[in-house]
Every structure is written in C-alpha cells, then in structure tokens.
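Written out below as structure tokens is the structure these notes cover.
In this text the structure is predicted, and so the values were computed from the model without any measurement. The chains referred to below are lettered A, B, ... by the order of the sequence lines, with proteins before strands, and numbering in each begins at 1.
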Protein chains: 2
Amino acid sequence: MKPLFDDLIDVMKKHRLRISKQRLKILEYLVHNRHHQTVDQIYHELHPDLPTLSKTTVYNTMKALVQAGIVKEIGIDEHETRYDITKEEHGHFKCESCHNVYDFPINIDDGLKKGGLEGYLVNSKNVYLKGICPKCLLDIKLVNTD
Amino acid sequence: MKPLFDDLIDVMKKHRLRISKQRLKILEYLVHNRHHQTVDQIYHELHPDLPTLSKTTVYNTMKALVQAGIVKEIGIDEHETRYDITKEEHGHFKCESCHNVYDFPINIDDGLKKGGLEGYLVNSKNVYLKGICPKCLLDIKLVNTD
DNA sequence: GTATAAGTTGTAATGATTACAAGTTAACTA
DNA sequence: TAGTTAACTTGTAATCATTACAACTTATAC
Ligand SMILES: [Mn+2]
Ligand SMILES: [Mn+2]
Ligand SMILES: [Zn+2]
Ligand SMILES: [Zn+2]
C-alpha cells in the first residue's frame with residue numbers, strides 16, 4: 001500500500017499541478033502538522049528551510065491545493081483563513097481564550113431535517129463552534145478563588 | 001403580547017445601549033429584511049433615509065448588537081461578514097452562483113457524537129454549506145442543450 | 001436644565017489577500 | 001540530453017473590508 005504522501009502527489013499530477021520543491025515542502029508540512037495553520041504560520045515555519053520562499057507562493061499553493069481537493073479552507077475565524085488536510089468529516093471548535101482550533105467528531109447529515117435542502121446541490125459542509133476549551137476552563141477555575 | 005421590536009429595544013436597554021435614531025433604523029431594517037445583509041448593504045439601503053449615516057456607525061452598531069446577543073455574525077464567506085437577527089437555530093447555505101444565503105432547518109446536536117465535546121464550553125454554533133441553489137441549477141439546465 | 005458618558009462621523013491606518021510583471025523551472029518531446 | 005514552453009516563483013504594489021482615532025453631538029440620569 002502506497003503511503004499517503006505519494007497519493008497526494010498523484011492527486012496533484014491528476015490536476016496538472018507541477019511538483020516544485022516549494023509545493024513538496026508545503027504538502028509535507030501539512031501532512032505532518034495537522035493544526036489548521038494559516039498561510040502566515042506555514043510561511044514562517046518553512047522559511048528557515050526554504051529561505052527563498054515567498055508568502056505569495058504559499059497563498060498560490062494553498063489555492064491550488066484547495067482547487068485540487070487536497071486541502072479544505074477553514075473559515076471559523078473571519079480574520080484568518082486556516083487549512084485542513086484531514087479527509088474524514090469532522091467539525092471545528094475554536095477556543096476564544098487560547099485561539100486553538102480543535103477537531104471533533106460529527107455527522108452533519110444526522111442533524112439535517114429531511115426535505116430542508118431538497119433541490120440544492122451541496123458542494124461543501126462546515127460546522128464551526130466557538131467557546132472555551134477544557135484546558136482554558138481549568139486555568140480560569142484556578143485563577144478564580146471562589 | 002408585546003411586539004418583537006419592543007422586546008429588542010428592551011434587550012438593548014438591558015445591555016446599557018442607548019437608543020439612537022441610527023440604531024432604531026438599523027434594527028427596524030434588520031427585523032423587516034431578513035436576508036443576511038452585509039454592513040455595506042445595510043449602509044446603502046438606509047442612506048437615502050438617513051443621509052448623515054456613517055458606515056462606521058453601522059459597523060459600531062452591528063458590533064453592539066452582536067455583543068447584546070440580538071444579532072449573530074454569519075461568516076459563511078471569508079470576504080464578507082453577514083448578520084442574522086433570526087433567533088431559531090438554523091443552518092446557512094450559500095449559492096456559489098447567485099451568492100444568496102439561504103436558511104435551512106437543522107439540529108446541530110443531533111449530529112454531535114456523544115463525548116466528542118466533553119469538557120468544552122460551547123458559546124456559539126454555525127453550520128455553513130455551499131453549493132448551487134435550485135433556482136441556479138434550473139438556469140444551468142436551461143443553458144445546457146444536452 | 002445640566003452634566004457626562006456614550007454614540008456618531010469622517011478620515012486615516014491596518015492587515016490579510018490579490019494583482020502584476022519579470023525571472024525561473026518542471027515537464028514534455030525529439 | 002537539450003530545447004521549448006507553459007506553469008511556477010518571487011517581490012512589490014494595489015485592494016478592500018474592517019478598525020482606530022479624535023472632534024463633535026446627543027441620550028440619559030439627576
Ligand atoms: Mn480539522
Ligand atoms: Mn439565517
Ligand atoms: Zn483554550
Ligand atoms: Zn443560486
């Protein structure tokens with residue numbers, strides 16, 4: 001069985017995307033660091049390794065990967081676009097205290113009431129929750145002396 | 001039974017928000033035009049009626065209404081923040097052809113697998129779908145001569 | 001009616017994303 | 001393997017929604 005990484009290269013080739021070293025590094029990074037990073041984060045983390053890398057290239061690459069269906073845009077926060085290379089359906093939770101984005105299991109179709117989207121062609125689904133994560137809740141409790 | 005509009009005024013007062021004529025017009029507009037308008041749309045539609053209105057005021061007012069829990073931010077599209085004054089839980093569908101945002105019935109909790117968000121404090125939930133609406137699907141079929 | 005904190009307004013600043021043009025290179029072919 | 005070319009990369013400039021700011025105005029409390 002072929003590793004995940006090679007599968008993704010194949011998908012890129014199917015979409016007529018060239019395999020540059022920039023794209024390889026970005027793809028590799030996304031596969032190994034699944035924390036919904038922003039373009040800015042990806043750029044800064046790869047820069048030491050690829051000193052000539054341009055932020056424009058990261059933007060271009062992410063757009064290409066989205067169009068190829070390899071990554072998904074996560075727009076849980078209006079002010080920053082994040083990206084997710086994980087395939088399985090899941091929801092996203094953003095902690096309003098530590099700003100981390102967590103995955104959680106969900107089956108969107110279970111919540112859809114039948115007939116509600118009759119006649120609609122659905123291309124993408126996203127579930128976004130916001131609140132406070134368990135770690136931050138604990139911190140808040142430790143601070144409060146009630 | 002008191003009308004919806006007066007209830008909203010009461011909520012504003014509870015949150016120590018002053019009742020200016022700008023805010024009244026915006027609130028009235030939102031109650032009567034439930035199409036998930038952007039700040040820009042709200043501004044342009046009210047401008048004939050309130051010639052001195054500033055777009056900054058619309059931004060400020062929407063922020064105040066969000067904080068008071070009177071309207072909800074709809075971030076289905078990264079490039080435009082929309083607002084929704086409807087209270088009942090529902091999902092949003094954005095047509096990638098006509099760019100309209102439609103409501104649809106949903107029960108988010110039905111799709112949540114138990115234990116998945118154990119220990120998280122959830123403050124807000126959003127379900128965003130994208131695709132093609134029935135009207136646009138019909139238009140596409142009429143154009144294709146297959 | 002007065003005091004004052006809150007709201008309004010126009011303008012400037014911000015910041016993420018996109019547009020663009022010149023230089024570079026992956027991939028195909030002979 | 002070298003030549004060709006469209007695709008990719010890069011730095012810089014432009015865009016545009018949103019926010020910051022400061023002076024002016026007003027809703028609300030007493
Ligand atoms: Mn995820
Ligand atoms: Mn709605
Ligand atoms: Zn947290
Ligand atoms: Zn449509």
Side-chain angles (χ1 to χ4, degrees), chain A residues 8-27 29 36-44 46-68 70-71 73-83 94 99 101, chain B residues 8-29 36-68 70-71 73-83 94 99 101:
Chain A
L8 294 177
I9 301 295
D10 285 347
V11 175
M12 288 180 72
K13 286 181 177 166
K14 276 206 190 70
H15 283 259
R16 314 276 151 78
L17 294 175
R18 289 188 179 173
I19 314 300
S20 67
K21 62 174 179 300
Q22 291 88 343
R23 287 179 174 177
L24 277 177
K25 288 283 188 186
I26 291 171
L27 199 58
Y29 175 76
H36 316 101
Q37 285 90 344
T38 64
V39 161
D40 197 66
Q41 289 174 308
I42 296 166
Y43 170 72
H44 280 107
L46 291 181
H47 193 250
D49 210 356
L50 272 176
T52 69
L53 183 65
S54 160
K55 198 178 277 188
T56 300
T57 296
V58 184
Y59 274 111
N60 291 341
T61 298
M62 298 317 292
K63 180 168 290 181
L65 294 179
V66 167
Q67 281 169 2
I70 292 171
V71 304
E73 282 186 339
I74 304 300
I76 192 170
D77 188 314
E78 285 285 287
H79 300 79
E80 53 180 30
T81 302
R82 291 164 175 267
Y83 297 90
K94 175 157 186 170
H99 309 301
V101 174
Chain B
L8 295 178
I9 301 294
D10 285 347
V11 175
M12 289 181 71
K13 285 182 178 166
K14 277 207 190 70
H15 283 259
R16 313 276 151 77
L17 294 174
R18 289 186 179 175
I19 312 301
S20 68
K21 64 175 177 300
Q22 291 87 342
R23 288 179 173 177
L24 277 177
K25 287 284 187 185
I26 291 171
L27 200 59
E28 186 176 32
Y29 175 77
H36 315 102
Q37 285 91 342
T38 64
V39 161
D40 197 67
Q41 289 174 309
I42 297 166
Y43 170 73
H44 281 106
E45 298 216 35
L46 291 181
H47 193 248
D49 211 356
L50 273 176
T52 70
L53 183 65
S54 160
K55 199 179 277 189
T56 299
T57 295
V58 182
Y59 274 110
N60 291 342
T61 298
M62 297 318 291
K63 180 168 290 181
L65 294 179
V66 167
Q67 281 169 3
I70 293 171
V71 304
E73 282 186 339
I74 303 300
I76 192 169
D77 188 314
E78 285 286 286
H79 300 79
E80 52 179 30
T81 302
R82 290 165 176 265
Y83 298 89
K94 176 157 185 172
H99 309 301
V101 174

For Q22(A) and L53(A) the tightest heavy-atom approach is CG-CD1, 4.0 Å
Notebook entry, point to check: Can you check side-chain contact (heavy atoms from CB on, under 4.5 Å) on L8(B) and L65(B), steps first, answer last?
Noted result: CA-CA 10 Å; L8(B) 295 178; L65(B) 294 179; over 6 Å; no
When the rotation axes relating C1' atoms of four end pairs to the next four are compared across the helix from dG1(C)-dC30(D) to dA30(C)-dT1(D), five pairs an end, they differ to 10° by 50°
Checklist entry - Any side-chain heavy atom of R23(A) within less than 4.5 Å of one from M12(A)? => result yes
First and last nt of DNA chain D near chain B, cut-off under 4.0 Å to heavy atoms, 5' to 3', are dA17(D) to dT28(D)
Checklist entry - Considering only heavy atoms from C-beta outward, does the side chain of M62(A) approach that of I26(A) to under 4.5 Å? => result yes
Between CD of E78(B) and C1' of dG15(C) the distance, given in whole Å, is 14 Å
L24(B) CG to dT8(C) P, in whole Å, measures 10 Å
K21(A) atom NZ is separated from dA27(C) atom C1', nearest whole Å, by 15 Å
When every non-hydrogen atom of P48(A) is compared with those of H44(A), the smallest separation belongs to CD-O, 3.3 Å
- request: For dT8(C), take OP1 and OP2 only and decide whether either is under 4.0 Å from a side-chain N or O of R23(B).
  value: yes
To the nearest angstrom, the CD1-C1' distance between I19(A) and dT24(C) comes to 17 Å
For E73(A), the side chain to side chain contact (heavy atoms under 4.5 Å, CB included) test, sequence neighbours excluded, returns V66(A), T81(A), Y83(A)
| field | Phosphate contact (dA16(C) OP1 or OP2) by T38(A) side-chain N/O below 4.0 Å | value | no
Which part of the nucleic acid, if any, lies within contact of N60(A), taking any heavy atom under 4.0 Å across all strands shown: a base, the sugar-phosphate backbone alone, or nothing? base
Closest non-hydrogen contact found for L17(B) with A68(B) is CD1-CB, 4.0 Å
Whole-Å distance, M12(B) CE to dG7(C) C1', equals 11 Å
Ordered by number, residues from residues 43-57 of chain B within less than 4.0 Å of DNA chain C (heavy atoms) are T52(B), L53(B), S54(B), T56(B), T57(B)
H15(A) atom NE2 is separated from dA27(C) atom C1', nearest whole Å, by 18 Å
Residues at least two apart in sequence or cross-chain that pass side chain to side chain contact (heavy atoms under 4.5 Å, CB included) with L24(B), listed by chain then number, are F5(B), I9(B), I19(B)
**OP:** May I ask you to decide if I42(B)'s main-chain N or O and E45(B)'s side chain share a donor-acceptor pair within less than 3.5 Å?
**Re:** no
ask   = In terms of side-chain geometry, is the basic nitrogen of E80(B) or K94(B) positioned less than 4.0 Å from the acidic oxygen of its partner?
value = yes
The side chain to side chain contact (heavy atoms under 4.5 Å, CB included) partners of Y59(B) (sequence neighbours excluded) come to V39(B), K55(B)
Heavy-atom nearest nucleotide on DNA chain C taken for R18(A) and for T61(B); more 5' hit belongs to T61(B)
